[in-house]
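Remarks on the structure that follows.
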Amino acid sequence: MKAFEIVTTAINPQLYADLVLRPEAGAVTLFTGHVREWTKGVRTMYLSYEAYVPMAEKKLAQIGEEIEQRWEGTKVAIAHRIGELQISDIAVVIAVSSPHRKTAYEANEYAIERIKEIVPIWKKEIWEDGEEWIGDQKKKPEGGLI
Amino acid sequence: MISLVYFAGLKDQTGVSEEQVDMAGKTVDELWQWATEKYPEFLSGAARLAVNEEYALPTDVLETGDVVAFIPPVSGG
């Protein structure tokens, strides 16, 4: 396994927590993002994730570097799963260790926000009566080159 | 030659995951203009272009052997 990776099989979060744990760390935050059944009243049957794998792994590593520069003493590991995922499966895991807890919480949330901005991964929701690629949920971009 | 790769909804619109074009020396913006003429559906959404796995500026100039990815709005997490 790698500290920043795209995987195609079930994620074991403990492996990523273990990867960032060090003697100087007094806190580890472990975030797992899961497949949600209901979104705005619409029932999802399952999700299909696609990634531009080599670039996605580079961008995950970039997020780790951003965090380690912004919050001194942190260590980060991130994995995102692609392919078909069922309800409650883990889609993403983010592990951050730091000397103190506040930083570990803040840095972990920063990581998921950045994933949603810059990492080339796409989610397709499959419903009972259709399917759709989901775009950036943080902002509604105008059409065209951005 | 330049290699183009498409993802997610943009790939659905092109019907192919990759193709080659002879556009060395052109800018990223010129490539985008070419792509929207070939695939007018692109204009209904947004896209970013990455050259060799890094987000590119519209003014960046393409070189032979570059791989350009058409990246619709991302939705990981």
Side-chain angles (χ1 to χ4, degrees), chain A residues 6 31-36 39 47-63 78-82 85 90-94 108-125 131-146, chain B residues 2-19 21 23 26-62 65-77:
Chain A
I6 302 296
F31 171 83
T32 53
H34 298 256
V35 177
R36 180 178 55 234
T39 299
L47 294 183
S48 178
Y49 281 97
E50 176 180 328
Y52 182 18
V53 174
M55 182 172 170
E57 290 188 336
K58 277 188 190 176
K59 290 290 158 190
L60 292 176
Q62 177 189 320
I63 292 168
I78 308 173
H80 202 298
R81 185 176 171 189
I82 58 172
L85 275 71
I90 298 174
V92 60
V93 60
I94 302 166
N108 202 302
E109 183 165 32
Y110 175 87
I112 189 68
E113 297 292 333
R114 290 293 279 158
I115 287 170
K116 290 174 180 292
E117 287 172 353
I118 67 166
V119 182
I121 299 173
W122 302 273
K123 171 171 67 179
K124 183 193 274 186
E125 291 182 355
E131 59 180 43
E132 186 175 272
W133 286 106
I134 306 301
D136 186 344
Q137 292 140 311
K138 289 196 68 183
K139 54 181 182 291
K140 287 284 175 197
E142 301 290 315
L145 188 62
I146 54 177
Chain B
I2 309 289
S3 298
L4 310 181
V5 289
Y6 304 105
F7 293 96
L10 296 179
K11 182 170 64 182
D12 292 345
Q13 290 170 347
T14 61
V16 295
S17 59
E18 54 183 284
E19 64 184 318
V21 292
M23 292 195 69
K26 303 287 189 185
T27 65
V28 165
D29 190 54
E30 286 170 322
L31 173 62
W32 174 251
Q33 298 305 323
W34 171 88
T36 56
E37 282 174 28
K38 185 169 182 183
Y39 308 109
E41 307 93 323
F42 280 12
L43 290 170
S44 65
R48 298 177 78 178
L49 269 56
V51 177
N52 302 329
E53 301 169 7
E54 189 55 65
Y55 290 113
L57 298 171
T59 51
D60 287 350
V61 177
L62 299 168
D66 281 349
V67 177
V68 181
F70 285 67
I71 297 183
V74 302
S75 52

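Note: hydrogens, waters and symmetry copies are ignored here, and every other heavy atom, side chains too, is used. Below, read A as the first sequence line, B as the second, and so on, with proteins coming before strands; counting in each chain starts at 1.
Looking at A/Tyr49, only its side chain comes within 4.5 Å of chain B, counting heavy atoms on both sides. In this structure, chain B has a heavy atom under 4.5 Å from the side chain of A/Trp133, while its backbone stays farther away. Both the backbone and the side chain of B/Leu49 come within contact range of chain A, with heavy atoms under 4.5 Å apart. If you measure heavy-atom distances from A/Ile94 to chain B, you find no contacts under 4.5 Å at all. Only the side chain of A/Ile112 comes within contact range of chain B, judged by heavy atoms closer than 4.5 Å. Heavy-atom distances place the backbone of A/Ala51, and not its side chain, under 4.5 Å from chain B.
Crowding of A/Glu109 atom CD: a count of heavy atoms from other residues, nucleotides or ligands under 6.0 Å not exceeding 12. Counting heavy-atom neighbours within 6.0 Å of A/Lys124 NZ, excluding the residue itself, gives a total above 12.
Closest approach of B/Glu53 to A/Met55, counting heavy atoms only: O-CG, 3.5 Å. Smallest separation of non-hydrogen atoms from A/Ile115 and B/Val74: O-CG2, 4.2 Å. What you find for B/Gly77 and A/Ala91 is that their closest heavy atoms are O-CB, 4.3 Å.
With rounding to the nearest 0.5 angstrom, the CD1 atom of B/Ile71 is 11.0 Å from the CD1 atom of A/Ile121.
Each of B/Phe70, B/Tyr6, B/Phe7 was scored for a ring-ring contact (aromatic ring centres under 6.0 Å, His included) with A/Tyr52, with one residue passing: B/Phe7.
Counting heavy-atom pairs closer than 4.5 Å to chain A, the top-ranked of the candidates B/Thr36, B/Asp29, B/Asp12 is B/Asp12. Residue with the most contacts toward chain A among B/Gly9, B/Pro72, B/Ala35: B/Pro72 (heavy-atom pairs, distance under 4.5 Å).
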